[in-house]
Amino acid sequence: MNPVRLAVIGAGAIGRKHIEVIQQSSESILVALADPSEQAKELADALGVEWYADINDMLDEVKPDGVINATPNTLHVPCAMACVARAIPVLVEKPVAESPERARELVDAARRNNVPVLVGHHRRHNALTAAAKALIDGGKLGKIVAVSAHWMLQKPDDYFDVSWRREPGAGPLLVNLVHDIDLMRYLLGEIAEVQAMASSETRGFANEDSAVVNLRFACGTLGSAVLSDCSVSPWSWEMNSAENPIYAHTPENCYLISGSQGALAIPQMRWWRYGEKTGWHEPLISETLPVDAIDPFILQLNHFIAVIRGEATPIIDAADALRSLEVIDEIRQAI
Ligand SMILES: NC(=O)c1ccc[n+]([C@@H]2O[C@H](COP(=O)([O-])OP(=O)(O)OC[C@H]3O[C@@H](n4cnc5c(N)ncnc54)[C@H](O)[C@@H]3O)[C@@H](O)[C@H]2O)c1
């Protein structure tokens, strides 16, 4: 089978990661970059691929088999709509849009035109996620009672030199917590109720730099999430999962899930339970679940290629990603 011809829109931080994995794959080739920046033009020249400042010109002239849209949040919907209008499957980075209203436009257009839209919640492709889901769905933890999620780290100051990252809405609720919310929905089901508080005291930006959130899942599980992009801490998916070498690795856990029969610490994948006798006087038994360390961006790309070839439907489409975005919106309203 011929490799699929892919174009990347937005060759910034995460766009370059997508380009790297496309180039490692024998099932795909990079045919064009669309990004008006000088750095993107230089990158296209260095890679020997077509460069376009305008995405519509690129789509009409190159006619790629699929597109990866790694533009700033507010461009996700217009760029994805341009692909959908031309019946080109698209992988849109998360969050699917900057607001639920905008995301609904894309959901409708994708349905109307019957074009697959995959959303870049790449943690769903991680083997750690698959192992946790198998344990939970297999009933090994019993009824899930509570989950505690931690996303606390320090983004370097120059991260904010890029203007859109300082603009209202582009704080860690939308850019980062949306990943954790999506992962918790995937593992534990829909979120029915939220409470929240936020602070922008440390960075002093228009956006929040820290927040705490309480969650009630439809299945009855209670949860809490703590996030901060300005605190020194070893606890976050980025630093704990080792899935992307650009982040320093700290071998800690960022999700603690406890049920009536056992508990799981993710991503170290330590599974805790009692033997015959239960209760706090008894010793807990634990084991570490073996998980293959495969780059989830490679697995995500393989999945996108299967979607383009009509062999799979998106593991997370625009409608599903909209629900994760709606939870972020509900959190914002609660704040
Ligand atoms: N899945 C993940 O783990 C992950 C990680 C980081 C970022 N993201 C998401 O990816 C998106 C991009 O984030 P980033 O940190 O790479 O941003 P970035 O600012 O580093 O890159 C964005 C790129 O888009 C380009 N661009 C701007 N306007 C454009 C236009 N009209 N047409 C084409 N290109 C245009 C910019 O020149 C820039 O190169 C964000 O939505 C972010 O939430 C996802």
Side-chain angles (χ1 to χ4, degrees), residues 119 121-152 173 176-197 211-227 235-237 240-241 243 251-292 296 315-317 319-331 333-334:
V119 180
H121 282 292
H122 68 273
R123 293 183 195 177
R124 289 208 189 190
H125 301 271
N126 199 309
L128 294 163
T129 305
K133 190 158 173 59
L135 197 76
I136 293 167
D137 291 353
K140 301 289 191 201
L141 304 184
K143 176 187 164 8
I144 306 301
V145 178
V147 55
S148 147
H150 306 264
W151 189 88
M152 290 179 278
L173 287 175
N176 306 106
L177 187 68
V178 72
H179 270 307
D180 301 284
I181 291 294
D182 186 70
L183 191 57
M184 284 192 269
R185 283 184 57 237
Y186 186 57
L187 293 178
L188 304 173
E190 292 304 336
I191 292 167
E193 193 182 347
V194 306
Q195 300 174 325
M197 285 190 278
V212 289
V213 180
N214 289 329
L215 306 163
R216 185 191 299 278
F217 291 78
C219 61
T221 301
L222 295 178
S224 74
V226 184
L227 83 151
W235 306 295
S236 65
W237 179 270
N240 300 160
S241 68
E243 67 176 15
E252 297 281 340
N253 291 297
C254 55
Y255 296 120
L256 305 178
I257 300 181
S258 69
S260 56
Q261 306 290 323
L264 181 66
I266 305 173
Q268 299 307 310
M269 303 308 281
R270 198 95 184 143
W271 171 25
W272 296 87
R273 60 195 185 279
Y274 283 116
E276 267 175 34
K277 289 170 131 188
T278 65
W280 69 3
H281 297 296
E282 302 302 323
L284 280 158
I285 303 164
S286 73
E287 69 182 272
T288 299
L289 302 177
V291 178
D292 289 338
I315 186 173
I316 168 152
D317 63 11
D320 196 355
L322 165 62
R323 185 58 203 132
S324 293
L325 187 60
E326 283 172 336
V327 174
I328 295 296
D329 204 47
E330 287 156 19
I331 290 167
Q333 286 173 38

Relative to the ring of Y255, is the ring of W237 parallel (under 30°), tilted (30 to 60°) or perpendicular (over 60°)?
->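 W237 vs Y255 ring planes: tilted.
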From [atom1] ([X]) to [atom2] ([Y]), nearest 0.5 Å:
X	Y	atom1	atom2	value
E190	L215	CD	CG	12.0 Å
I181	I191	CD1	CD1	4.0 Å
N176	M152	CG	CE	13.5 Å
E326	Q333	CD	CD	10.5 Å
H121	I316	NE2	CD1	4.5 Å
N126	L183	CG	CG	8.5 Å

Any chance you could lay out the side-chain hydrogen bond (donor to acceptor under 3.5 Å, both in side chains) test for E252 and H150, step after step, and finish with the verdict?
-> CA-CA 11 Å; E252 297 281 340; H150 306 264; over 6 Å; no
Heavy-atom donor-acceptor pair, K133 side chain to Y186 backbone, under 3.5 Å =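 Yes, because the side chain of K133 sits within donor-acceptor range (under 3.5 Å) of the backbone of Y186.
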Is the backbone of Q268 close enough, under 3.5 Å, to the side chain of N253 for a donor and an acceptor to pair up by distance?
->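 Yes: the side chain of N253 pairs with the backbone of Q268.
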Side chain to side chain, [X] and [Y], heavy atoms closer than 4.5 Å:
X	Y	value
I257	T221	no
M269	I266	yes
R216	Q195	no
E287	R273	yes
F217	I144	no

Step by step, would you call T129 with R123 a side-chain hydrogen bond (donor to acceptor under 3.5 Å, both in side chains)?
-> CA-CA 7 Å; T129 305; R123 293 183 195 177; over 6 Å; no
Taking all atoms of both residues into account, what is the closest heavy-atom pair of [X] and [Y], and its distance?
X	Y	result
D292	A127	O-CB, 3.5 Å
S236	W151	CB-CD1, 3.8 Å
Y274	I285	C-CD1, 3.9 Å
S241	L128	CB-CD1, 4.0 Å
L177	I331	CD2-CD1, 3.8 Å
D182	S324	OD1-OG, 2.8 Å

Inspect the contact between R323 and D320 and indicate whether a charged nitrogen and a carboxylate oxygen are less than 4.0 angstrom apart.
->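 Looking at R323 together with D320, the answer is no, because their closest N to O distance does not fall below 4.0 Å.
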So does D137 have more than 12 non-hydrogen atoms from other groups sitting under 6.0 Å from CG?
->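 Atom CG in D137 is packed in, count exceeds 12.
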Go through E330 and E193 one step at a time and tell me if the side chain to side chain contact (heavy atoms under 4.5 Å, CB included) criterion holds.
-> CA-CA 8 Å; E330 287 156 19; E193 193 182 347; over 6 Å; no
Candidate pair L135 and L141, rule side chain to side chain contact (heavy atoms under 4.5 Å, CB included), full reasoning = CA-CA 7 Å; L135 197 76; L141 304 184; 3.7 Å; yes
